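Read through the structure below, which is laid out as structure tokens, and then see the notes.
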Number of protein chains: 2
Amino acid sequence: MNLKELAQSLGLSQTTVSRALNGYPEVREETRQRVQAAANRAHYQPNSRARRLATGRAMTIGHVVTTTRKTEMVNPIFADFLAGAGEVYAREDYDLLLSIVPAGQEERAYRQMAANGSVDGVMVQSPRQHDTRIALLKEIGLPFLVHGRTSSSDSYSWLDVSNTATFDQAARFLIDLGHRKLGLINGPEELDFALRRRAGFDQAVAARGLQTRADWMTQGEMTEDYGYRSARDMLALADRPTAILVSSIISAIGVRRAIADRGWTMGRDVSVITHDDMLSYLSNDGDEPVFTATRSSIKAAGGRCAEILIDLIRTPDAPHVHELWPTELTLGRSTGPAPTS
Amino acid sequence: MNLKELAQSLGLSQTTVSRALNGYPEVREETRQRVQAAANRAHYQPNSRARRLATGRAMTIGHVVTTTRKTEMVNPIFADFLAGAGEVYAREDYDLLLSIVPAGQEERAYRQMAANGSVDGVMVQSPRQHDTRIALLKEIGLPFLVHGRTSSSDSYSWLDVSNTATFDQAARFLIDLGHRKLGLINGPEELDFALRRRAGFDQAVAARGLQTRADWMTQGEMTEDYGYRSARDMLALADRPTAILVSSIISAIGVRRAIADRGWTMGRDVSVITHDDMLSYLSNDGDEPVFTATRSSIKAAGGRCAEILIDLIRTPDAPHVHELWPTELTLGRSTGPAPTS
DNA sequence: CCAACTTTTCAAAGCGCTTTGGGTTATCGT
DNA sequence: ACGATAACCCAAAGCGCTTTGAAAAGTTGG
């Protein structure tokens with residue numbers, strides 16, 4: 001059943017039927033009802049391909065997710081981010097076009113989406129400190145929202161968590177517990193969020209007159225195994241950190257494993273604070289969470305990002321949106337006073 | 001730059017240019033080169049909206065991912081499955097339309113995709129034992145591939161792992177190690193894969209003249225915390241299982257936590273075998289994997305599913321494809337002989 | 001009752017491609 | 001040299017919708 005047939009069956013023109021269905025004012029309420037009823041009865045759904053061509057809008061938002069360079073992994077936090085965004089898209093009648101490309105190919109993906117007009121806007125995730133995607137998207141004039149930030153963050157819209165403040169706060173918390181030797185298991189430091197967390201960490205350590213040490217810090221793709229190996233190596237040092245900050249709960253699970261492997265107890269022999277994206281399958285909740293954590297829901301962020309992006313698409317020359325989300329430091333069992341060795 | 005302009009700039013008709021670009025034989029090689037060169041130079045990309053309307057093909061494949069009923073979680077294994085599929089789609093020039101809906105709304109999502117013609121086919125994941133989606137998709141004539149199976153599995157195409165055989169084998173392996181009391185931490189038993197695993201488990205236990213016990217078995221959404229709570233409760237029983245099979249590595253991590261909480265050692269006090277989807281951020285690899293596991297790459301499955309589905313779309317009346325993937329039992333440190341209490 | 005609106009409906013022109021059904025030139029066999 | 005065949009190329013007709021511009025119908029005020 002297409003519009004033409006529907007119009008014929010009603011003895012109306014396509015124009016009128018189209019307008020009735022799309023809520024234009026130029027059609028009598030009674031006629032609208034009649035059309036609506038017939039459309040429902042016939043399970044009429046406008047062909048989205050035709051509609052998109054006619055309107056020039058794709059009613060679609062693009063997400064480009066990259067797999068890591070060597071191992072083609074895909075970060076599971078995207079699942080939760082997508083879940084949050086997807087809900088909003090569904091509500092607002094937008095489709096979600098997901099493009100999975102190897103790292104380094106994002107630009108091509110964006111360029112193609114823009115050129116063939118398959119999306120009205122795109123979400124930019126995991127920005128690097130200097131991210132070429134931003135200039136590209138501005139150049140081709142495709143609306144976009146950045147989840148995270150770059151070093152120069154005023155000329156586009158973004159939503160980010162307060163990475164620096166969060167890690168500063170977490171480090172001070174550990175220092176206040178008596179820890180003097182802090183480790184950091186961070187994400188890949190070409191990514192802006194990792195740099196900011198590192199900066200917050202450095203800041204707190206310096207503010208209290210302590211030292212950072214290269215062998216107490218690692219950076220890399222935040223897998224479980226990466227957390228394990230990082231912690232294992234740090235803890236094997238003669239002069240080891242007594243507390244560790246971790247940038248992702250997935251790696252924190254690896255840290256826990258490394259601690260258990262030594263027969264130690266987390267929160268007593270080593271303190272751990274992790275950033276927790278509140279991934280739905282790895283919840284760190286309840287009355288006594290396993291990890292003391294800086295929390296911020298990645299799913300909620302996804303939802304809000306979607307809302308902002310849709311607004312950006314609808315009102316193209318609105319001012320830039322900047323939203324900085326705080327995190328919540330929740331106490332768990334993974335922290336305690338520094339061991340008095 | 002659109003086709004019309006490109007044609008004009010070349011002094012050719014749209015027809016010829018279109019044909020040249022799309023590899024039709026009715027155009028001289030020399031002309032084709034000339035057109036191709038001009039197109040490249042102008043960064044010409046055909047407008048996908050127009051192309052889709054004209055061809056009647058969406059060049060898009062739909063994935064409908066559901067969030068769980070109560071807590072709106074989204075299973076992170078989708079990330080890896082999507083990664084595998086996405087690569088293939090990119091290679092074959094298909095787009096991936098991702099729809100995230102609450103459990104129970106999948107049918108509406110599929111129906112809508114079909115009615116407005118936004119996809120050429122859909123992927124069906126996590127089928128229930130009797131899954132109404134299959135009848136629906138057949139009725140509306142939308143090509144689809146099921147990842148997994150239902151109880152009656154001959155009238156449609158699917159790709160599945162050998163769940164029954166896998167869990168039968170894993171259970172026998174444990175029994176051969178001397179274990180007589182086996183626990184099972186399974187997925188939600190309305191899902192077909194969980195039922196089959198349960199059947200394999202039951203089968204092995206019965207074949208060796210042992211008993212299953214209701215309080216040694218749980219079923220539910222396979223989160224870390226679910227694994228933790230299930231194992232904690234089982235292990236607190238006066239008469240406790242000495243070995244546990246787990247349906248997902250995420251839950252297995254929770255099981256490990258429960259064991260550690262008791263001050264026990266996995267592989268000595270309790271043996272654990274988990275199914276391992278080889279999630280990229282939770283790898284269980286290396287010379288001595290943490291978990292003894294039945295492995296099968298969900299990402300590889302995603303890739304293969306995408307290939308099959310594309311074939312199905314291209315050759316609509318080809319016979320059904322049924323692909324049953326074996327799993328690989330890999331030894332880790334989580335299994336050992338039954339404790340002689 | 002009629003001019004002046006307002007409301008309601010319509011025919012037709014796109015949107016930017018693909019594809020059908022001819023034409024127009026080369027090419028060839030005889 | 002001429003009809004037949006092949007090789008190229010083109011105009012125009014869709015694809016199914018939205019939207020423009022205009023006409024028809026209905027309503028109002030004097």
Side-chain angles (χ1 to χ4, degrees), chain A residues 1-36 38-39 42-60 93-95 112-120 314, chain B residues 1-36 38-39 42-60 93-95 112-120 314:
Chain A
M1 169 68 76
N2 61 22
L3 185 65
K4 196 171 163 187
E5 292 162 13
L6 182 62
Q8 258 159 12
S9 81
L10 282 161
L12 290 169
S13 75
Q14 291 190 40
T15 311
T16 305
V17 176
S18 170
R19 291 194 154 144
L21 259 26
N22 291 314
Y24 282 74
E26 306 90 329
V27 48
R28 201 179 359 162
E29 192 48 38
E30 183 205 316
T31 316
R32 187 193 308 287
Q33 305 267 334
R34 202 158 60 92
V35 171
Q36 195 59 261
H43 295 298
Y44 169 73
Q45 281 277 101
N47 180 303
S48 67
R49 291 191 291 264
R51 182 201 279 258
R52 283 163 191 191
L53 178 58
T55 59
R57 276 172 293 137
M59 291 309 285
T60 301
D93 263 320
Y94 274 85
D95 279 344
Q112 181 151 338
M113 283 181 177
N116 68 42
S118 49
V119 302
D120 298 319
R314 291 194 179 140
Chain B
M1 170 66 79
N2 60 22
L3 185 63
K4 195 170 164 190
E5 292 161 13
L6 182 63
Q8 258 159 12
S9 81
L10 281 161
L12 289 170
S13 75
Q14 292 190 39
T15 311
T16 306
V17 176
S18 171
R19 288 192 156 146
L21 259 24
N22 291 314
Y24 283 74
E26 304 91 329
V27 47
R28 198 174 6 155
E29 192 49 37
E30 183 206 315
T31 314
R32 186 192 309 286
Q33 305 268 335
R34 202 158 59 92
V35 171
Q36 195 60 260
H43 295 297
Y44 170 74
Q45 280 277 102
N47 180 302
S48 67
R49 291 190 289 263
R51 182 202 279 260
R52 283 165 189 190
L53 177 58
T55 58
R57 277 171 293 136
M59 291 308 283
T60 301
D93 264 321
Y94 274 85
D95 280 344
Q112 180 150 336
M113 283 182 178
N116 68 40
S118 50
V119 302
D120 299 319
R314 289 192 179 140

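Residue numbers begin at 1 in each chain, while the letters A, B, ... track the order of the sequences. All values reported here derive from a predicted model rather than from experimental measurement.
- Distances shown here put every side-chain N or O of B/T15 at or beyond 4.0 Å from the OP1 or OP2 atom of D/dC9.
- Between B/N22 and the phosphate of C/dT18, there is a side-chain N or O to OP1/OP2 separation shorter than 4.0 Å.
- Protein atom CG of A/L3 is 19 Å distant from nucleotide atom P of C/dC15, rounded to whole Å.
- Ranking D/dA11, D/dC17, C/dG16 by closeness to the A/Q14 side chain, first place goes to D/dC17.
- Looking at the side chain of B/A54, the nearest of the listed nucleotides D/dC17, C/dG16, C/dT8 is C/dG16.
- At the phosphate of C/dT18, OP1 or OP2 sits under 4.0 Å from a side-chain N or O atom of B/R51.
- Pairing each heavy atom of A/Y44 with each of A/N2, the nearest pair is CE1-C, 3.6 Å.
- The minimum heavy-atom distance linking A/N116 with B/P46 is given by the pair CB-O, 3.2 Å.
- Per the geometry, CE belonging to A/M59 stands 16 Å off P belonging to D/dC17, to the nearest Å.
- If you take CG of A/N47 and P of D/dT18, they are 10 Å apart, rounded to a whole angstrom.
- Listed pair B/R28 / D/dC9 meets the phosphate criterion, a side-chain N or O lying under 4.0 Å from OP1 or OP2.
- Note on B/S13: a side-chain N or O is less than 4.0 Å away from OP1 or OP2 of D/dC10.
- Comparing the axis of the opening five pairs of the helix from C/dC1-D/dG30 to C/dT30-D/dA1 with that of the closing five pairs yields an angle of 40°, rounded to 10°.
- In this structure, B/Y24 does not reach the D/dC8 phosphate: none of its side-chain N or O atoms is under 4.0 Å from OP1 or OP2.
- You'll find that the side chain of A/T16 is closest to C/dT9, out of C/dC17, D/dC15, C/dT9.
- The CG-P distance, from B/L21 to C/dT19, rounds to 13 Å in whole Å.
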